[in-house]
Chemist: 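Before we start, here is the structure in question, set down as structure tokens.
In this text, all values refer to a predicted model and were calculated from it rather than measured experimentally.
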Amino acid sequence: MDISEVHSNQGNKSKKKKNKKTVKAKAKVKNPEVKEESSTVEMKTEPEAAFPPTFSVSEIKNKQRRHLMFMKFKQEKRKQKLLLKKKRKKEREALGDKAPPKEVPKTIENQRVFDETTVDPEDEEVAFDEGTDEFSAYFNGLTNPKVLITTSDRPRGRTVKFCEQLATVIPNAYVYYRRGLALKRIIPQCVARDFTYLMVINQDRQLPNGLVLCHLPDGPTAHFKVSSVRLRKEIKRRGKEPTEHYPEVILNNFTTRLGHSIGRLFAALFPQNPQFVGRQVATFHNQRDFIFFRFHRYIFKNEKKVGIQELGPRFTLKLRSLQKGTFDSKYGEYEWVLKRHEMDACRRKFQL
């Protein structure tokens with residue numbers, strides 16, 4: 001049997017290490033008060049947690065904490081803005097007539113990039129073009145508008161109601177359902193029956209999302225994206241059902257050559273002789289290339305005050321393309337097509 005020798009020095013070293021550990025432990029137990037004091041001193045001397053100057057709220061991974069921090073940030077910013085506004089108001093009151101003029105707030109509209117195609121109302125060339133375009137027969141009083149409203153195949157709930165309500169807004173409008181017919185077959189039938197417009201409402205997931213507006217018999221054809229559709233029952237404080245009177249038409253901010261074409265396309269939907277007895281107004285308002293449609297009725301409260309009452313429906317249009325001639329998706333000649341990369345490159349550049 002082998003016996004390994006163990007030196008006495010090694011045993012002493014191990015005992016000394018144990019003794020040192022026990023002494024340290026005893027020292028810790030003997031004076032716990034010193035430990036508490038030192039811990040409190042350390043807590044006081046630690047600096048408060050502060051975010052670095054480059055910190056962003058989006059770096060917080062917890063969703064609830066991120067939301068709370070963002071709301072606090074917005075609230076503080078709102079308070080600072082309000083205090084600054086009050087301070088400026090006091091300074092203006094103190095200066096009186098010597099106060100400097102108010103600063104004009106910067107908006108996307110007043111910072112719009114100048115467009116060379118903006119039309120001068122007195123331009124002779126534009127007047128000549130408008131006198132010989134596809135809508136000249138309507139504006140010269142030679143034709144009266146007659147509109148056929150149809151849908152995509154198998155329309156559902158909201159799309160059907162939307163078409164029916166559009167027919168009450170546009171005079172001489174008739175609603176027919178597609179029944180699987182192609183548009184190229186519908187257009188000759190519309191021309192034979194003296195229709196001046198073909199309006200097609202497309203849908204996605206049973207909601208209206210597109211509008212094809214084709215002027216007959218020679219075009220042009222415009223394709224719009226439809227959004228924010230609200231039917232009459234969804235509008236608060238709406239008026240009674242619209243009457244059969246011809247409404248007035250208001251076109252706002254259609255200033256470019258393309259805007260003039262789209263404005264004339266909308267104007268030719270309605271008869272030129274509005275019946276002011278009905279007090280109804282159809283408005284197409286262009287802002288940042290979004291066309292907002294509203295249908296109102298005037299309410300005369302007295303000789304000085306006039307109110308308006310919305311009748312509905314309301315919706316928003318975004319022009320996707322303008323095609324020469326009637327609808328032809330394969331061989332049609334496009335006058336203008338929306339290009340995403342150009343719109344994203346400059347937010348202050350508009351087309352209409």
Side-chain angles (χ1 to χ4, degrees), residues 108-109 111-121 123-139 145 147 152 170 183-184 186-187 190 196-202 204 208-228 249-270 282-293 315-352:
I108 295 179
E109 283 82 6
Q111 289 183 310
R112 175 175 180 170
V113 177
F114 176 75
D115 193 348
E116 296 178 354
T117 61
T118 302
V119 174
D120 185 3
D123 193 343
E124 296 180 358
E125 182 181 352
V126 175
F128 176 77
D129 291 342
E130 291 180 352
T132 56
D133 63 0
E134 299 89 345
F135 309 105
S136 58
Y138 162 78
F139 285 100
V147 185
S152 56
I170 303 171
L183 288 181
K184 288 186 178 181
I186 296 176
I187 289 173
C190 292
T196 61
Y197 269 99
L198 173 63
M199 183 183 294
V200 184
I201 307 296
N202 296 318
D204 181 31
N209 73 328
L211 170 66
V212 177
L213 191 59
C214 180
H215 183 263
L216 302 175
D218 301 320
T221 303
H223 178 217
F224 299 92
K225 176 188 174 183
V226 181
S227 60
S228 304
V249 181
I250 298 176
L251 302 170
N252 287 335
N253 299 334
F254 294 92
T255 55
T256 62
R257 294 296 297 268
L258 178 63
H260 264 239
S261 300
I262 298 301
R264 289 168 69 84
L265 185 72
F266 289 138
L269 278 170
F270 299 85
T283 305
F284 294 90
H285 175 75
N286 173 41
Q287 186 173 355
R288 302 182 192 176
D289 287 349
F290 286 92
I291 303 168
F292 302 92
F293 175 80
F315 53 91
T316 305
L317 300 175
K318 176 76 171 178
L319 182 64
R320 294 300 186 196
S321 64
L322 181 64
Q323 181 181 352
K324 292 182 178 180
T326 56
F327 179 81
D328 190 353
S329 58
K330 287 187 178 181
Y331 306 106
E333 181 183 354
Y334 286 88
E335 184 177 344
W336 182 86
V337 178
L338 177 65
K339 297 179 181 178
R340 282 290 183 185
H341 62 276
E342 291 183 1
M343 297 300 294
D344 295 337
C346 184
R347 292 180 60 211
R348 297 187 298 273
K349 188 175 181 181
F350 308 113
Q351 302 294 332
L352 298 179

Chemist: For the residue pair Leu198 and Cys190, what are the closest heavy atoms and their distance?
Modeler: CD1-SG, 4.2 Å
Chemist: Can you see which heavy atom on Gly263 is nearest to which on Phe254, and at what distance?
Modeler: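 That closest heavy-atom pairing would be N-CD2, 4.2 Å.
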Chemist: Work out which heavy atom in Phe135 is nearest to a heavy atom in Pro220; give both atom names and the distance.
Modeler: CZ-CD, 3.6 Å
Chemist: Closest approach of Arg320 and Trp336, non-hydrogen atoms and distance?
Modeler: O-CZ3, 3.8 Å
Chemist: To the nearest 0.5 Å, tell me how far Ile201 CD1 sits from Leu211 CG.
Modeler: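 Atom-to-atom, Ile201:CD1 and Leu211:CG are 4.5 Å apart.
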Chemist: Take the angle between the ring planes of Phe266 and Phe284 and call it parallel below 30°, perpendicular above 60°, tilted in between.
Modeler: parallel
Chemist: Could you check whether any side-chain heavy atom of Ser228 comes within less than 4.5 Å of a side-chain heavy atom of Phe293, counting everything from C-beta outward?
Modeler: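 No; the side chains remain at least 4.5 Å from each other.
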Chemist: Within the side chain of Asn253, is there an N or O that forms a donor-acceptor pair under 3.5 Å with the backbone of Gln287?
Modeler: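 Checking the backbone N and O of Gln287 against the side chain of Asn253, no donor-acceptor pair under 3.5 Å is found.
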Chemist: Leu269 versus Pro145: any side-chain heavy-atom pair under 4.5 Å?
Modeler: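 No; the side chains remain at least 4.5 Å from each other.
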Chemist: In the structure I gave you, are the side-chain heavy atoms of Asp328 and Lys184 within less than 4.5 Å of one another anywhere?
Modeler: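 A side-chain contact under 4.5 Å exists here.
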Chemist: Classify the ring geometry of Phe290 against Phe292: parallel below 30°, tilted from 30° to 60°, perpendicular beyond 60°.
Modeler: tilted
Chemist: What's the spacing between Ile186 CD1 and Leu216 CG if we round to 0.5 Å?
Modeler: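 Here the interatomic distance stands at 11.0 Å.
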Chemist: Flag the pair Ser227 / Lys318 as yes when at least one side-chain heavy-atom distance between them is below 4.5 Å, and no otherwise.
Modeler: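 Heavy-atom side-chain distance check fails, nothing below 4.5 Å.
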Chemist: Where do Tyr138 and Ala267 come nearest, in terms of heavy atoms and distance?
Modeler: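 Scanning both residues, the minimum pair turns out to be OH-O, 3.0 Å.
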Chemist: Taking the side chain as everything from C-beta on, heavy atoms only, tell me whether Ile291 gets closer than 4.5 Å to Ile262.
Modeler: yes
Chemist: Could you give the distance from CG (Leu251) to NE2 (His260), rounded to the nearest 0.5 Å?
Modeler: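 Output value for this atom pair is 10.0 Å.
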Chemist: What do the steps show when you test Leu213 against Thr221 for side chain to side chain contact (heavy atoms under 4.5 Å, CB included), and what is the final call?
Modeler: CA-CA 6 Å; Leu213 191 59; Thr221 303; over 6 Å; no
Chemist: Between Leu319 and Leu338, is any pair of side-chain heavy atoms under 4.5 Å apart?
Modeler: no
Chemist: Quick one, Phe139 and Glu130 - any side-chain contact, counting heavy atoms below 4.5 Å?
Modeler: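 No - every pair of side-chain heavy atoms lies 4.5 Å or more apart.
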Chemist: Between Val226 and Gly210, what is the shortest heavy-atom contact and its length?
Modeler: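 Smallest interatomic distance, heavy atoms only, reads CG2-C, 3.6 Å.
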Chemist: Contact between Asp129 and Arg257 at the side-chain level, heavy atoms closer than 4.5 Å - yes or no?
Modeler: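 Yes - at least one pair of side-chain heavy atoms lies under 4.5 Å apart.
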Chemist: Test: side chain to side chain donor-acceptor pair (under 3.5 Å). Region: residues 208-220. Which pairs qualify, not counting sequence neighbours?
Modeler: none
